[in-house]
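The block underneath contains the structure these notes are about, expressed in structure tokens.
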Amino acid sequence: MVGKQGRVTGRIGPGLVGEVLLAVRGGVEAFYAHPAVPDEEISPGSIVVVVEYYPPRTVYVARALV
């Protein structure tokens with residue numbers, strides 16, 4: 001999971017649990033997402049990269065350098 005890129009579908013920010021879509025197991029699945037940088041806000045539609053993964057469905061993400 002770490003290093004995979006995905007698209008934000010629910011706003012990610014301090015005190016918020018956002019959502020990202022990631023390509024896994026031959027399909028696309030939704031994961032709960034938190035910002036890797038504590039004060040960062042990431043809006044829907046942004047491309048992010050997974051920095052940490054906590055099974056089964058929680059990831060910490062940072063903006064991707066696209």
Side-chain angles (χ1 to χ4, degrees):
M1 291 298 292
V2 173
K4 285 190 173 280
Q5 288 188 350
R7 182 170 305 275
V8 177
T9 55
R11 191 172 134 228
I12 301 169
L16 298 174
V17 178
E19 182 182 73
V20 295
L21 293 178
L22 299 170
V24 292
R25 295 184 279 274
V28 177
E29 297 182 19
F31 289 80
Y32 297 120
H34 299 276
V37 178
D39 294 332
E40 186 175 28
E41 289 191 19
I42 306 172
S43 59
S46 300
I47 303 297
V48 293
V49 63
V50 176
V51 177
E52 294 181 57
Y53 170 61
Y54 296 96
R57 292 217 167 281
T58 302
V59 293
Y60 280 74
V61 297
R63 289 183 197 277
L65 301 175
V66 183

Are the side chains of [X] and [Y] in touch, meaning some heavy atoms are under 4.5 Å apart?
| X | Y | answer |
| --- | --- | --- |
| Glu52 | His34 | no |
| Phe31 | Met1 | yes |
| Lys4 | Val24 | yes |

side-chain hydrogen bond (donor to acceptor under 3.5 Å, both in side chains) involving Arg11 - partner list, sequence neighbours excluded: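 Applying side-chain hydrogen bond (donor to acceptor under 3.5 Å, both in side chains) to Arg11 gives Glu41.
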Test log, rule side chain to side chain contact (heavy atoms under 4.5 Å, CB included), inputs Val17 and Thr58: CA-CA 9 Å; Val17 178; Thr58 302; over 6 Å; no
Testing the basics here: between [X] and [Y], what is the closest heavy-atom pair and its distance to 0.1 Å?
| X | Y | value |
| --- | --- | --- |
| Ala64 | Gln5 | CB-NE2, 3.9 Å |
| Gly10 | Val8 | O-CG1, 3.3 Å |
| Gly18 | Ile12 | CA-CG1, 3.8 Å |
| Pro14 | Pro35 | N-CG, 4.5 Å |

Whether Arg7 side chain and Gly45 backbone form a donor-acceptor pair below 3.5 Å: yes
Test ring pair (Phe, Tyr, Trp, His ring centres under 6.0 Å) applied to Tyr54 - qualifying residues, sequence neighbours left out: Tyr60
ILVMFWY cluster, Val48 and Tyr53 together (side-chain gap under 4.5 Å): yes
Those residues that, when tested against Val28, pass side chain to side chain contact (heavy atoms under 4.5 Å, CB included) (two or more places apart): Leu21
Qualifying residue, where the test is side-chain contact (heavy atoms from CB on, under 4.5 Å) with Val59 and the options are Val51, Val2, Val50: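 Option passing the side-chain contact (heavy atoms from CB on, under 4.5 Å) with Val59: Val50.
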